[in-house]
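Report on the structure given below.
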Amino acid sequence: MSQPTPRVRFAPSPTGYLHVGGARTALFNWLFARKTGGTFVLRIEDTDQARSTEAHTQVILDGLRWLGLAWDEGPVFQGAEGARHRGDAERLLAEGKAYRCFCTKAELEAARKLSPNGGDGFKYDRRCLHLPADEIARRMAADLPFVIRFQMPDEEIAWDDAVHDRIRWHGRDLDDLVILRSDKTPIYNLAVVSDDIAMRITHVIRGDDHISNTPKQIALYRALGAPIPVFAHVPMILGADGKKLSKRHGATAVGDYQDKGILPAAMRNFLALLGWAPGEDREILAEADLIALFTLEAIQKKPAVFDPTKLEWMNGQYISAMAATVLEPEVRRHLSRLGVDPGDRSILAIIDAAKPRARTTSNLAERVAVRLDPTRAALEPKGQALIEKMGPAYRASLEHAIAALEPIGEADWTPEPIFAALKARADAHALKLGDAMQPIRVALTGDTVSEPVNELLAVVGRAAALATLRRAARGE
RNA sequence: GGCCCCAUCGUCUAACGGUUAGGACACCACUCUUUCACAGUGGUAAUACGGGUUCGAUUCCCGUUGGGGUCACCA
């Protein structure tokens, strides 16, 4: 028998930004679809009218596009499918697999309070399941509000999870969940199953936190007589403290990383390696490699801690490997945010000079900005430390540099003559080259890290460089 | 608390039941470099604990401990 072409979906609810955990779930779905020649569907689960917004939907779509995760179908909006959801609920009711429950929220709340754990683990006592037919008719005639509850079968519910292997539950541990509210709108678990059936989803790849929903949903699939898809529950992403990643851990939205100057390719690469590894110690992987090597079975069972430092390292690898022309648009975006206008000046040479040391494009742009205009340089702690350590020698060294550089004309202001002049002066005055160079670097950039000093001087330009050195030599 | 999931360096991870338990980030040292970085080389660092099964357990089984998830007319 032939396997149907895989159909997967990413189904965020538009109640907030695109979380990195959600982004990774989307990425795994996308990788699986690309790998198998399947279809990646985007579904927006907006049945919670109170919390869903159009703005959130846009942020999520933008985030997916930024990451390069193109969907093949959709976005389809769950809220538009209310009639089908209701139809499925009523069908279960008609078939005796669900029942009307007239209990009010207040009644349920009271019962919950009286239960052993203050509501946790509370199970509905099925009092409405046993209502006589004439009583139901009486309440219906009286127009009393009711919900539709699914009658959870007393049987084993297990499945072969693609990442966890066999997971077993039992219906007796599960509540008779409400599937249709008294206002006839569907509850999440029904809407999801109804949609996944209608969309012919074959593989449900989602977060670990849905494991406890899966037995409920499988029971619904069975009751609806639909084939059960393959489930793959990917582990959570945690913060450094081992708790579920959330706002208090800092940046958790994909947009935050975009703003910080993380490249989409690096973000995608990093996220793919959180809970998944291709083997052979491979880490920097192009899109095609990611797709070729991806399998659900290789996904880790345990949660992964999000390490921003490694993300930045990886981003630096991508930045170093990219051509200045490719980086330029992004750098210019950050420059304008910094209020810097390069005017007619080409910034390609500056990008090339600065990119091996930058870990984010925003940091790269800051470095470019300082080279465009050294007066922007802010003294870093390490730069400050160097000045203090050298004492009077700092200014003396700068005086030597100025004396060496002034004779060089505008036309000869290139790395080689600059180096020759500095070297000659240092030799003549028995100055160690390190002591001659480092003060220039600090004066020009405020930092102790940059491209070679002669290249730095060339990139900054004669007039600006000399002016800055004179100012620094005067102690300004 | 019930139910469910999970457990290799600080972190991300590799290891047909047989390896000096490998790689990467971070950290330290050295080399290279006019300085800094990049890079290269080396180093510190892990199989949670206890029982089995086996000639032999990181690996299979059970238990303990620890961590996580979830228990709504939210999604």
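These numbers come from the heavy atoms of this one structure, side chains and all, not from hydrogens, waters or symmetry mates. On a predicted model such as this, the values are computed, not experimentally measured, just so you know. Naming convention: chains lettered A, B, ... in sequence-line order (proteins, then strands); numbering from 1 in each chain.
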Below 4.0 Å: OP1/OP2 of [N] and any side-chain N or O of [X]:
X        : N     : value
A:Arg112 : B:C73 : yes
A:Lys123 : B:G1  : no
A:Lys355 : B:A37 : no
A:Gln317 : B:A39 : yes
A:Gln300 : B:A14 : yes
A:Arg425 : B:U34 : no
A:Thr47  : B:A75 : yes
A:Lys382 : B:C36 : no
A:His164 : B:C6  : yes

Step-by-step salt bridge (Lys or Arg N to Asp or Glu O under 4.0 Å) determination, A:Lys243 to A:Asp241: CA-CA 6 Å; A:Lys243 303 287 184 193; A:Asp241 60 356; over 6 Å; no

Neighbour count above 12 (heavy atom, 6.0 Å) for A:Arg127 CZ: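 No.
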
Test of ring centre spacing under 6.0 Å for A:Phe10 and A:Phe28: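 Aromatic pair excluded; centres sit 6.0 Å or further apart.
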
A:Arg149 charged N/C atom sitting above A:Tyr124 aromatic ring, 6.0 Å / 45°: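 Judged by the rule (NZ or CZ under 6.0 Å from the ring centre, within 45° of its axis), A:Arg149 counts as positioned above A:Tyr124.
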
Selection from B:C3, B:G23, B:C36 that lies nearest to any side-chain heavy atom of A:Arg357: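 Of the candidates, B:C36 comes closest.
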
